[in-house]
Amino acid sequence: MFRRLAGAKARAEVVIDVDGERVVAREGDTLAAAMLVAGCVPFRASERSGAPRAPLCMIGACFECRVEVDGAGSRRACQVVVVPGMRVRRSRAARPGA
Amino acid sequence: MSERTAGETDVVVVGAGPAGMAAATRAASLGLRVRVVDEQQSPGGQVHRGVTRGDEGVGPRFGDEHLRGRELVRALHASTATVEPGATVFDVDPELGVAVLRDGIAHEIRARHLIVATGAIERAVPFPGWTLPGVMNAGAAQVLLETSACVPSGRVVLAGCGPLLLLVASQLADAGANVVAVVETTGAIDHARALPGLPRALATPATFARGLAWLRALRRHGVERIGGIRSLAAEGAGRVERVLVGVGDRAREIAVDTLLVHAGVVPNPQLARLMRLEHRWDERALAWRPRVDAFGRSSDPRVSVAGDGAGIGGARAAETDGAIAAIDAAHALGAIDARVRARLCAPLLRERRRHLAVRPWLDALYRPPGWLVDPPDAAIVCRCEDVTAGEIRSVARLGVRGPNQAKAYTRCGMGPCQGRVCGTVVTTILARAAGVAPAAVGYYRIRPPLVPVPLAALARMPGGGNRRDERTGGAM
């Protein structure tokens, strides 16, 4: 969905786990940015229709990016900064192959 | 009451954008104890996001504005104000106990005066297909560019209206994104409507210079511009693949990987609504705004609203707003008398008028068209609960007159975003369906907590998080 700019100042790598997959983020990334760059889309599925969803606003207003982070549900991925070893779970319906 | 109060201070400022930073710095300089609570990891707000950290030189910045942001941050840090970054306000009780969630831990700050500087959010403009992954707000792409140095891969189209649409398009094109087209609702009618505001707007030539620079960048990158569109829809299987726009009597289909949408910004309503501040509908801006006096004082004399949260004026106006609200707060708390307030505020009020001179022209030119703010039946309006515009219109036909009643019938606005996204749209749909003024329709009743709060965090609050909600008579 998104790609890192080639000329960007290199920041330290931060390895996180999204649904069992290893995702390499950069220090200072929000979780939503890391997931968009890694192609972890959709973030969730609509509880009512099952339709796939991904971030809309990136400023904490829309709640479309909510995922489970280290066991805590309904965290807004755009408001969470990645830390090494962070474990992220999408709702079952949003995972690949679901 | 006091046993569950983690801290007490003269002024709590919510939000560290231009208004919040200026308010906190000024209030501290007047001898007040000040605490700033901000959701981001460092001060700056949306407009000066992360100015003191990270990827300088990544995305194109807008020069002098960017430097201005750094000055504000520097002044804030040099002041005696305490800044709590990464902290979200989830409730304010009737005694101005400000409940804050930070790193999973909740605490409360008791304020004597509250300055709400929570800024603006992008206006939600539902259209068929806007819930597809790959459709985002233009501002969202700007956040990703500025904080993580990334751009949408593949073909990018931007659609809607407003200065930010053009700014983000030029930023992305400059950064190397494949911006295929900018599709605007703005057309000849809008230019004609805006014309009377032009002479006053020309008094601030810097604004025009910036806008022209964005347009030049788009031309340089060969970005197609389509104006005066009359409809907008997105299609795709599992993600956006095509954008369909109505141009005159024709329909254009453009293949896309990312569709970025923008139709201006509106005051972020949550905190002001939670505190039951009086609001009025601004027909020129097609948005609600809290009722404030010249100093930013709201219908609750202990609460001020400064910056875009009180009505869209832009970053520089927000700064002066913040300083004015701080001076007024110092007066309210007895630190200065009315004469000193008048003397300190006079130059700021003049400056504010100068910064606002461009607004009538901008607001008229970039006013979103009726078909965009009053969406077609098929469009999902409430993304949390999948409620369409058609469902809201059908309950309006049953006699539903307000958003809270519509919520009870359809669940619109009942999800975790609490109507942040759909609120303004639902007001508009109900008002137009019934042929009444938006003010007669009203807005959602916003309740605490403003964000999901872990029960454990509430339980560990002093007093066990037993926050009475006297607005509704119940406990939170």
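Small disclaimer: the values here were computed from a predicted structure and weren't measured. In what follows, every chain begins at residue 1, and chains take the letters A, B, ... in the order their sequences are listed.
For A:Arg66, the part lying near chain B is the side chain, with the backbone staying farther off; criterion is any non-hydrogen pair under 4.5 Å. The parts of B:Asp386 that come within reach of chain A are both its backbone and its side chain, each placing non-hydrogen atoms under 4.5 angstrom from that chain. Proximity to chain A is limited to the side chain of B:Val143, based on heavy atoms less than 4.5 angstrom apart. Looking at A:Arg53, both its backbone and its side chain come within 4.5 Å of chain B, counting heavy atoms on both sides. For B:Pro152, the parts lying under 4.5 angstrom from a heavy atom of chain A are both the backbone and the side chain. In this structure, chain B has a heavy atom under 4.5 Å from the side chain of A:Glu64, while its backbone stays farther away. Heavy atoms of B:Glu39 lying under 4.5 Å from chain A belong to its backbone as well as its side chain. Residue contact with chain A, scored on non-hydrogen atoms closer than 4.5 Å, involves the backbone and the side chain of B:Ile121 alike.
Between chain B and the residues A:Pro42, A:Pro55, A:Ala34, the most heavy-atom pairs under 4.5 angstrom are made by A:Pro55. Residue with the most contacts toward chain A among B:Arg420, B:Glu385, B:Arg383, B:Met136: B:Arg383 (heavy-atom pairs, distance under 4.5 Å). For the options B:Ala140, B:Gly238, B:Gly154, heavy-atom pairs under 4.5 Å to chain A are most numerous at B:Ala140. The candidate from B:Gly176, B:Gly139, B:Ser153, B:Ala141 with the greatest count of non-hydrogen atom pairs under 4.5 Å with chain A is B:Ser153. The most heavy-atom pairs under 4.5 Å with chain B, out of A:Ala54, A:Ala33, A:Ala61, A:Ala32, come from A:Ala61.
There is no side-chain donor-acceptor pair under 3.5 Å between B:Asn137 and B:His262.
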I would like to know whether A:Arg4 and A:Asp29 meet salt bridge (Lys or Arg N to Asp or Glu O under 4.0 Å); could you show each step before the answer? CA-CA 11 Å; A:Arg4 205 75 72 168; A:Asp29 276 352; 2.9 Å; yes
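A side-chain donor-acceptor contact under 3.5 Å links B:Asp38 to the backbone of B:Ala16. Using a distance-only test at 3.5 Å, with no hydrogens or angles considered, a donor-acceptor pair links the side chain of A:Ser46 to the main chain of A:Arg48. Distance alone, capped at 3.5 Å, is enough to place a donor-acceptor pair between the A:Arg26 side chain and the A:Arg11 backbone. A donor-acceptor pair under 3.5 Å is absent between the side-chain atoms of B:Arg273 and the main chain of B:Gln270, judged by distance alone.
A salt bridge links A:Arg89 with A:Asp17: the closest approach of a Lys/Arg side-chain nitrogen to an acidic carboxylate oxygen falls below 4.0 angstrom. For A:Arg90 and A:Asp19, the salt-bridge test passes: some basic side-chain N is under 4.0 Å from an acidic carboxylate O.
Heavy-atom contacts from other residues, nucleotides or ligands closer than 6.0 Å to CD of A:Glu47 number more than 12.
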